[in-house]
Amino acid sequence: MTDTTEARHRIERYDAGAIEPGWQARWAEAGLHDTDLTDDSRPKYYLLTMYPYPSGDLHIGHWYIVTPSDALARFRRMHGYNVFFPIGFDAFGLPAENAAIKNGGHPFTWTMQNIENMRRQFRSMGATFAWKNEVVTADPSYYGWNQWLFLRFLEAGLAYRARSSVDWCPNDGTLAREQVEGTDRHCWRCGALVEKRDLEQWFLRTTRYADELLDFTGLDWPDPIKNQQTNWIGRSEGAEIDFEVAPDDYQPGGDRLRVFTTRPDTLFGATFMVLAPEHPLVPKLTHPDRLAEVEAYVGQARRRTEIDRLSTDRAKTGVAIGADTINPVSGERIPIFVADYVLATYGTGAIMAVPAHDERDFEFAEAFGLEIRRVVAAPGEGADAPMGAAYIAHAAGEVLVNSGPYSGLPADEGGKAIVAWLAETGRADPKVTYRLRDWLISRQRYWGTPIPVIYCPTDGVVPVPDDQLPVRLPETVDYAGSGDNPLNHDETFLRVDCPRCGGPARRETDTMDTFMDSSWYWFRYLSPDEPGGPIDREITDKWTPVDQYTGGAEHAVMHLLYARFFTKAMADSGLVRDREPFKRLFNQGQILGADGERMSKSRGNVQDPDELVERYGADTVRLFLMFMGPWDQGGPWSPTGIGGVHRFLNRVWTLALDPHGREAGDPNAGTLPAGESEADARAALRSAAHKTLRDVTADYEAFHFNTMIAKLMEL
RNA sequence: GCCGGAGUGGCGGAACGGCAGACGCAGCGGACUUAAACUCCGCGGCCCGCAAGGGCGUCCGAGUUCGAAUCUCGGCUCCGGCACCA
């Protein structure tokens with residue numbers, strides 16, 4: 001090779017390492033991507049990617065999440081939009097605390113180191129974030145407004161206290177689900193067996209918005225997500241019906257047991273009743289002779305997980321409490337059981353069991369030899385046709401049978417008539433129940449937003465006055481070798497004067513669920529430094545709702561539902577105008593390790609982006625992540641595939657730089673095949689370019705990034 | 001278990017109900033090179049066959065349709081969520 005060709009070769013070679021850092025520095029210096037939120041000359045486009053948790057193991061997954069959104073930001077800017085594409089960090093949470101408990105140190109230090117590292121990585125990938133608007137939720141300038149919003153919700157009657165059970169370790173206090181290990185359910189740190197403990201905790205009344213949350217009008221969201229939310233909310237229409245406890249040798253009877261049922265038409269078929277083990281009347285109603293057995297069963301049930309209890313796979317268990325109740329329509333005495341397939345948190349925590357027309361009740365009745373009485377018959381079916389399984393289908397022409405004066409009525413009509421009749425004497429009410437529960441926001445942990453409430457022996461529960469916000473986390477924390485909330489032992493934090501009477505009082509030591517932080521962060525991005533309130537109303541009205549939100553489908557029901565709830569609650573407090581946060585939603589899939597498993601340090605399958613950038617450059621990594629497959633599907637990382645897109649970028653580079661438009665290494669490039677006219681070739685190329693332009697634009701709109709890149713390769 | 005999603009060459013994937021396998025990876029053949037790497041050109045679902053050609057083929061089983069990877073029903077496997085991981 002002569003000196004001249006070598007020199008030429010060096011100039012033309014695609015060398016990302018020589019190109020990218022310089023441009024990235026210039027973008028940062030010019031503040032090119034810091035959005036002027038007051039600019040009205042262009043249409044606004046608020047593009048939001050779910051802010052990351054600053055975890056210890058940084059991996060290619062963070063790039064996978066951000067890259068297509070970042071590409072979309074550029075695409076919209078080139079289409080003339082004023083794009084706002086902010087970033088922040090979901091900085092509170094359990095992993096920081098686990099690290100501190102395990103290895104010492106402060107959750108703050110751990111978190112801030114991770115954030116610093118992620119900032120550097122996001123810069124090295126050339127992401128066009130509006131860094132000026134960054135939000136870090138663990139900063140008092142953010143979490144203080146969590147507290148302020150909580151107090152507004154408290155005023156609006158949306159926040160309340162109630163007893164609720166937690167997984168409890170005698171040494172480490174409340175445990176998260178991931179801190180409970182093994183089938184025997186022991187503590188991750190000390191190994192002690194986990195039990196349930198009832199604590200007074202704070203809730204937000206999400207159920208107030210249940211019906212409105214079912215309405216997705218105007219939202220361009222994926223159908224599977226809307227389905228999941230709809231099922232999660234789980235609206236059921238039915239009735240609550242009172243059963244009276246029958247008198248017995250040890251108690252006079254007369255207590256009322258209220259059940260919820262979606263099938264009041266089957267009331268005549270209720271041959272027993274089942275209470276949740278946690279039902280408050282269980283201790284009172286249980287026959288003294290049965291007490292020991294019932295207590296043992298209740299204790300056992302409380303150790304089970306909810307998933308386990310609801311599994312229809314598992315054989316039904318339960319025990320009779322030795323008391324009867326009276327079926328309000330037939331007047332018959334029917335036995336009462338406790339069984340763990342009935343949950344205290346749904347409906348009234350008690351059901352009327354109709355084995356003939358409910359699968360679970362059928363199974364239970366078979367196991368315990370209880371009467372199965374048909375009260376609904378399909379057309380042409382006899383009133384006493386034998387039943388091998390519960391009949392639950394809703395067929396046209398079904399009629400009630402064995403139902404006294406209601407026999408012969410169509411099932412729907414009969415059900416309504418039964419409820420109406422009982423309602424006359426106050427023994428039933430039509431009722432809508434939701435599977436959705438109110439949001440428990442209390443966490444017995446240090447690393448979160450302190451709930452701004454004070455307990456005074458004289459004045460009771462006293463909200464911290466606005467002018468005393470934020471209630472700051474103490475800067476030093478002593479875990480004392482246990483997982484128990486250190487705020488409980490921090491006297492300077494605990495001791496406080498009552499804002500009302502000035503007497504000695506005690507601070508709330510529970511902190512807030514981190515979903516609280518993520519339920520309004522996109523509002524704060526618009527005015528991260530605003531000292532006078534959580535949001536700047538004028539800017540917020542201009543920029544919200546978010547035009548496009550992108551993030552993982554694993555957030556389908558919790559985060560995405562809490563965010564919708566919060567927006568509605570904020571709107572009702574007069575803080576924001578819109579009742580929905582995100583106009584359009586796209587859920588990307590998850591990138592997995594090359595072994596097909598979730599990437600994690602412990603599995604040793606994390607792909608380090610820094611190495612890849614070193615070797616190929618950020619643009620190659622980004623392009624490959626978008627090319628791998630459909631964004632909504634995710635999939636395993638391929639260590640070899642990235643070479644292909646790198647070659648592609650190489651070719652584009654040389655093609656663009658060679659004045660003759662030659663592809664490197666092809667001796668025949670740039671010459672027309674024999675017999676072809678230059679005019680035809682130019683026309684064909686022009687046509688192909690326009691077709692690609694059309695297809696690529698459509699693919700961008702539809703988030704089909706992999707085929708978009710394939711078409712560019714073809715061109 | 002319940003709710004939601006997915007299953008197509010050796011691999012990642014493509015395909016308005018209309019030629020299955022675009023694009024890429026790995027592989028094979030060739031050009032360039034003293035050689036290798038890089039780069040470039042070409043081949044490529046599987047089986048039989050020298051070939052021409054034939055058979056099979058989109059997780060499994062039914063069905064709808066002139067026609068199904070695509071629609072319907074049943075099943076299997078894997079992934080996400082199941083309320084204290086975020």
Side-chain angles (χ1 to χ4, degrees), chain A residues 1 9 13 50-55 90-98 164 166-167 174-180 201 206 222-232 234 305-314 341 345 360 435-445 448 510-511 513-515 517-518 551-562 587 589-590 592 594 596-598 600 623-624 627-630 632-648 650-651 654 662-669 704 706-715:
Chain A
M1 209 182 258
H9 188 69
R13 204 178 163 76
M50 288 182 187
Y51 67 172
Y53 178 77
S55 70
D90 188 13
F92 276 136
L94 193 58
E97 206 150 14
N98 283 347
S164 178
V166 296
D167 285 325
T174 304
L175 299 183
R177 207 166 93 175
E178 66 166 24
Q179 294 174 314
V180 179
Q201 305 194 72
T206 44
D223 286 333
I225 302 296
K226 291 193 275 188
N227 270 337
Q228 279 185 80
Q229 290 205 349
T230 301
N231 294 335
W232 183 260
T305 66
E306 208 166 282
I307 290 174
D308 189 25
R309 283 176 58 169
L310 285 174
S311 170
T312 49
D313 231 14
R314 199 167 55 88
Y341 76 96
T345 49
R360 293 154 304 177
R435 207 186 73 96
L436 179 73
R437 305 202 284 254
D438 282 338
W439 176 12
L440 188 152
I441 59 161
S442 288
R443 298 290 181 270
Q444 291 77 47
R445 305 189 186 287
D510 281 357
T511 53
D513 180 3
T514 56
F515 278 125
D517 311 343
S518 55
E554 68 273 20
H555 292 296
V557 286
M558 306 195 63
H559 162 60
L560 287 169
L561 199 62
Y562 292 140
N587 289 114
Q590 269 183 6
L592 306 170
E597 300 286 329
R598 245 175 131 146
S600 75
L623 195 65
F624 179 58
F627 179 64
M628 278 174 54
D632 56 353
Q633 272 174 36
W637 169 258
S638 162
T640 53
I642 192 166
V645 293
H646 189 63
R647 275 194 281 278
F648 168 63
N650 246 308
R651 282 157 70 172
T654 49
R662 276 200 290 260
E663 285 200 46
D666 182 0
N668 296 319
H704 294 163
N706 57 328
T707 54
M708 182 270 283
I709 292 163
K711 280 159 193 162
L712 289 175
M713 287 173 167
E714 281 181 71
L715 177 67

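Residue numbering restarts at 1 for every chain, and letters A, B, ... go by the order of the sequence lines.
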Participant: How many whole angstroms separate atom CZ of R647(A) from atom P of A37(B)?
Facilitator: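 Atom-to-atom, R647(A) to A37(B), this comes out as 13 Å.
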Participant: C1' atom, C60(B) versus G12(B): distance in rounded Å?
Facilitator: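 The answer is 24 Å between these two C1' atoms.
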Participant: Measure from CD on E97(A) to C1' on C85(B) and round the result to the nearest Å.
Facilitator: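 Nearest whole value for this atom pair: 13 Å.
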Participant: Quick check against the 3.5 Å criterion: does Y51(A) have a side-chain atom that pairs as donor or acceptor with the backbone of S518(A)?
Facilitator: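 Yes, Y51(A) side chain to S518(A) backbone: donor-acceptor pair under 3.5 Å.
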Participant: By nearest atom, which of the nucleotides A22(B), A86(B), C25(B) is closest to the M558(A) side chain?
Facilitator: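 Within the option list, the nearest is A86(B).
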Participant: Taking only the P atom of each, what is the distance from C59(B) to A6(B) in whole angstrom?
Facilitator: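 About 13 Å, rounded to a whole number of Å.
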Participant: Pick the C1' atom in G21(B) and in C56(B), then give their distance to the nearest Å.
Facilitator: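 Approximately 16 Å lies between the C1' atom of G21(B) and that of C56(B).
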Participant: Between A86(B), C84(B), A22(B), which one does the side chain of D90(A) approach most closely?
Facilitator: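 Looking only at heavy atoms from C-beta outward on D90(A), the closest nucleotide is A86(B).
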Participant: Using only modelled atom types and a 3.5 angstrom limit, is any donor from either the side chain of E306(A) or the base of C82(B) paired with an acceptor on the other?
Facilitator: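 No pair found.
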Participant: State which of C84(B), C85(B), G24(B) makes the closest approach to the side chain of D513(A).
Facilitator: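 Within the option list, the nearest is C84(B).
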Participant: In whole Å, what is the span from the NE2 atom of H555(A) to the P atom of C85(B)?
Facilitator: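 Nearest whole value for this atom pair: 12 Å.
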Participant: Using the purine O4'-C1'-N9-C4 or pyrimidine O4'-C1'-N1-C2 torsion, is G9(B) syn (within 90° of 0) or anti?
Facilitator: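 It is syn.
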Participant: Just compare C40(B), A86(B), G80(B) and give me whichever is closest to any side-chain atom of Q590(A).
Facilitator: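 Of the candidates, G80(B) comes closest.
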Participant: Consider the side chain of R598(A), meaning its heavy atoms from C-beta on, and name the nucleotide among C84(B), G80(B), C23(B) that approaches it most closely.
Facilitator: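 Side chain of R598(A) sits closest to G80(B).
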Participant: So if I define the base as every atom that isn't primed, P, OP1 or OP2, how would nucleotides 1-16 of chain B read as a B/S/- string at a heavy-atom cutoff under 4.0 Å?
Facilitator: B-SSS------BSS--
Participant: Nearest heavy atom decides the nucleotide; on that basis, is G641(A) or L440(A) closer to the 5' end of RNA chain B?
Facilitator: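 In this pair, the answer is G641(A).
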Participant: How close or far is atom P of G24(B) from atom CE of M713(A), stated in whole angstroms?
Facilitator: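 It is 6 Å, rounded to the nearest whole Å.
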Participant: Salt-bridged, R598(A) to E554(A), with N to O below 4.0 Å?
Facilitator: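 Answer for the salt bridge query: no.
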Participant: May I have the distance from F648(A) (atom CZ) to C40(B) (atom P), rounded to whole angstrom?
Facilitator: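 One finds 12 Å between P of C40(B) and CZ of F648(A), rounded.
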Participant: Would you say C40(B) has OP1 or OP2 under 4.0 Å from some side-chain N or O of R651(A)?
Facilitator: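 Yes, such a contact exists.
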Participant: Rounded to the Å, how far apart are R309(A) CZ and C82(B) C1'?
Facilitator: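 For the pair R309(A) CZ and C82(B) C1', the rounded distance is 15 Å.
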Participant: Taking G61(B) as the reference, what is the distance to C76(B) when you measure between their C1' atoms (whole Å, please)?
Facilitator: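 Nearest-Å result for C76(B) against G61(B) at atom C1': 11 Å.
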Participant: Of R437(A) and T514(A), whose closest RNA chain B nucleotide lies nearer the 5' terminus?
Facilitator: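 Residue closer to the 5' terminus by nearest nucleotide: R437(A).
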Participant: Before you tell me yes or no, could you show the steps for S442(A) and Q201(A) under side chain to side chain donor-acceptor pair (under 3.5 Å), namely the whole-Å CA-CA distance, both residues' side-chain angles and the distance that decides it to 0.1 Å?
Facilitator: CA-CA 6 Å; S442(A) 288; Q201(A) 305 194 72; 4.5 Å; no
Participant: Taking atom C1' in both A51(B) and A14(B), compute the distance separating them and give it to the nearest angstrom.
Facilitator: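 Rounded to whole Å, the distance is 32 Å.
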Participant: Rounded to the nearest angstrom, tell me the gap between atom CD in E178(A) and atom P in G81(B).
Facilitator: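 Rounding to the nearest Å, CD of E178(A) and P of G81(B) are 12 Å apart.
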